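Remember, it's 1-based here, ligands and their atoms both numbered in the order they're listed. Keep in mind that this is a model prediction, so the values were computed, not measured. Along the sequence shown, residues carry numbers from 1.
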Amino acid sequence: MMLVTRRETFSAAHRLFKPELSDDENYSIFGKCSNPNWHGHNYTLEVVVSGEINKDTGFVIDLTKLKEIIRKNVISKVDHKNLNTETDFMKGIIPTSENIVMRIWKVLSGKIPSGKLYSVKLYETENNYFEYKGG
Ligand code: NI
């Protein structure tokens with residue numbers, strides 16, 4: 001199986017909280033990410049496409065096209081944004097990395113012009129990453 005990966009980075013603010021809980025209760029569940037005054041992360045996103053090699057081009061997917069699709073549909077909506085209040089595809093959901101990566105999968109699925117979406121990975125820190133493969 002051939003896998004092709006495009007990496008993009010973005011910086012975004014968020015707050016993990018449930019509005020019906022007090023700040024102390026939110027802190028006990030979400031820790032520092034519940035800070036009422038927001039905070040940011042420098043995220044790294046990896047989009048992996050699987051597929052056969054096109055005999056004419058030698059490509060599984062044109063990486064320039066993949067880059068443009070990711071930037072138009074995802075990066076432009078999250079980079080230097082507040083994920084709680086500004087990102088349309090994050091409306092109504094707690095912006096944990098699990099939820100962000102699942103929503104990014106939904107945004108990108110169906111938009112991949114050749115091959116198929118294999119996985120989406122989101123690195124919140126150097127030590128934590130989250131991967132979704134659909135299903
Ligand atoms: Ni956080």
**Asked** salt bridge (Lys or Arg N to Asp or Glu O under 4.0 Å): which pairs involve residues 79-106, sequence neighbours left out?
**Response**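 Qualifying pairs, neighbours excluded: Lys77-Asp88.
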**Item:** Any residue meeting side-chain contact (heavy atoms from CB on, under 4.5 Å) with Arg7, in chain and number order, not counting sequence neighbours
**Value:**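 Checked Arg7 against side-chain contact (heavy atoms from CB on, under 4.5 Å); matches are Thr44, Glu46.
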**Prompt:** Can you tell if the side chain of Asn42 reaches within under 4.5 Å of the side chain of Thr9, non-hydrogen atoms only?
**Reply:**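 Contact flag for Asn42/Thr9 side chains = no.
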**Prompt:** Hey, what's the ring geometry for His41 with Tyr43, parallel, tilted or perpendicular (30° and 60° as the breaks)?
**Reply:**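 Taking Tyr43 first and then His41, their aromatic rings sit tilted (interplane angle of 30° to 60°).
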**Message:** Restricting to under 2.8 Å, identify the protein N, O or S atoms around the Ni ion (ligand 1) as residue plus atom.
**Reply:**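 Those protein N, O or S atoms (cut-off: under 2.8 Å from the Ni ion (ligand 1)) are His14 NE2, Cys33 SG, His39 NE2, His41 NE2.
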**Message:** Do Phe10 and Val107 sit in one hydrophobic cluster, given that two such residues count as connected whenever their side-chain heavy atoms are within less than 4.5 Å of each other, even indirectly?
**Reply:**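 In one cluster with Phe10: Val107, yes.
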Check residues 27-36 and write down every donor-acceptor pair under 3.5 Å in which the side-chain atom is one partner and the other belongs to a residue at least two apart or another chain.
unit_1	atom_1	unit_2	atom_2	d
Ser28	OG	Glu25	O	2.7
Ser34	OG	Gly31	O	2.8
Asn35	OD1	Asn37	N	3.1
Asn35	ND2	Trp38	O	3.0

